[in-house]
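Single-structure report; data block below.
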Amino acid sequence: MIDFEKIKDTIDALHNDGILPPMSITTEMPAENKLVILIDIVGFSKGTTKEQVYKIYCFEHYVIKHVISNLRNFKNRIKINQFIPTGDGCYIVADECEAKTALDFVVALITGFQYIKNDDKEPWALRASAIFGECVPFLDLAHHKNYIGEGMNEAARILSYGQAALEKKYLEESPDRTVLDSKLFSRNSLYVGESLAEELINYGDEKNIYKLPQVPDKHGKCRDITVLHGLK
């Protein structure tokens, strides 16, 4: 049996002696309900190192510029808490806001990015998910402000499993299509959970809204996912 008290005493002693840095998180940190947006750059890993660096450079500058411009617009005002890089995109964690405000923000972000390099032979594209969920702020091992919690997990699951479900549904409805066609079909799409589904319907029509009921994940949990796809 593991003696956690002995381990804690040993670690505390190492902290006090300056051998280890302070712990980054404690069990007493309170959870907060946040707007969590997860953004993925489509086709990022296919590029060379140089191409990836350039795309991330453009992406980060674009996201920051987009946030600043929207903060100046009262109707789309949104309080950003943190950008968290993921390598091929980022999380944006913000205070809770009206559903329309959240969707206005992320839809504008997706639609604008594809015009940064619209002369590229393979135009740039984003995919994103947006949810309201529980998060805990903490300083990570690099001592950067970060977040963990179900809200972060759910945003990732909605994006990854929602994308797979959308592409599968597209292939089922278009049996003459290929996997590549389904990948192209899912570009510039926004995936949301139940809390934002009703509001998302107002952003499209039957042609670009997909309701994906009871999408399972690897843990066996099922969730309803709504997708606004092909944003222009």
Any [X] side-chain heavy atom under 4.5 Å of [Y] side chain:
X: Leu126; Y: Leu109; value: yes
X: Asn208; Y: Leu228; value: yes
X: Phe59; Y: Ile39; value: yes
X: Glu32; Y: Pro137; value: yes
X: Leu184; Y: Ser182; value: no
X: Leu159; Y: Arg127; value: yes
X: Lys65; Y: Glu60; value: no
X: His144; Y: Ile84; value: no

Discussion item. Show, in sequence, the C-alpha distance, side-chain angles and deciding distance for Ile37 and Tyr91, and conclude whether the side chain to side chain contact (heavy atoms under 4.5 Å, CB included) test is met.
Written reply: CA-CA 6 Å; Ile37 300 166; Tyr91 281 96; over 6 Å; no
Check for me, please, whether [X] and [Y] land in the same ILVMFWY cluster - side-chain distances under 4.5 Å, paths through other members count.
X: Tyr115; Y: Ile41; result: no
X: Ile201; Y: Leu196; result: yes
X: Val42; Y: Ile116; result: no
X: Phe83; Y: Val53; result: no
X: Phe113; Y: Tyr54; result: yes

What distance separates [X] [atom1] from [Y] [atom2], expressed to the nearest 0.5 Å?
X: Thr86; Y: Leu38; atom1: OG1; atom2: CG; result: 6.0 Å
X: Ile225; Y: Arg157; atom1: CD1; atom2: CZ; result: 11.0 Å
X: Leu139; Y: Asn146; atom1: CG; atom2: CG; result: 9.0 Å
X: Leu231; Y: Arg187; atom1: CG; atom2: CZ; result: 12.5 Å
X: Asp104; Y: Glu98; atom1: CG; atom2: CD; result: 10.0 Å
X: Asn188; Y: Trp124; atom1: CG; atom2: CH2; result: 13.0 Å

With no hydrogens and no angle check, do the side chains of [X] and [Y] hold a donor and an acceptor under 3.5 Å apart?
X: Tyr170; Y: Asp181; value: no
X: Asn81; Y: Lys34; value: yes
X: Asp224; Y: Gln214; value: yes
X: Asn33; Y: Glu134; value: no

Discussion item. So, applying salt bridge (Lys or Arg N to Asp or Glu O under 4.0 Å) with Lys169, which one of Glu167, Glu172, Glu173 is it?
Written reply: Glu173
Over all atoms of both residues, closest heavy-atom pair of [X] and [Y]:
X: Pro216; Y: Tyr161; result: O-CD2, 3.6 Å
X: Val192; Y: Leu103; result: CG1-CD2, 4.2 Å
X: Gly89; Y: Ile56; result: N-CD1, 4.3 Å
X: Ser186; Y: Leu166; result: CB-CD2, 4.0 Å
X: Ala128; Y: Val106; result: CB-CG2, 4.0 Å
X: Ala197; Y: Thr226; result: CB-OG1, 3.4 Å

Worksheet item: Below 4.0 angstrom, N of the basic side chain to O of the carboxylate: do Glu154 and Arg223 qualify?
Response: yes
So, the side chain of [X] versus the backbone of [Y]: is there a donor-acceptor pair under 3.5 Å, distance only?
X: Ser174; Y: Leu171; answer: no
X: Gln52; Y: Gly47; answer: yes
X: Thr101; Y: Ala99; answer: no

Item to complete: Anything under 30° is parallel, anything over 60° is perpendicular, the rest tilted; go ahead and classify Phe105 against His66.
Response: tilted
Discussion item. Checking Leu190 against Val227 for the side chain to side chain contact (heavy atoms under 4.5 Å, CB included) test, could you report, in this order, the C-alpha distance in whole Å, the side-chain angles of both residues, the deciding distance, and whether it holds?
Written reply: CA-CA 6 Å; Leu190 172 59; Val227 188; over 6 Å; no
Discussion item. I'd like to know whether Lys79 forms a salt bridge (Lys or Arg N to Asp or Glu O under 4.0 Å) with Glu96, so could you lay out the CA-CA distance, the side-chain angles of the two residues, the decisive distance to 0.1 Å, and finally the verdict.
Written reply: CA-CA 8 Å; Lys79 185 178 179 183; Glu96 267 194 296; over 6 Å; no
Item to complete: Please check if the distance between the ring centroids of His229 and Tyr191 is under 6.0 Å.
Response: no
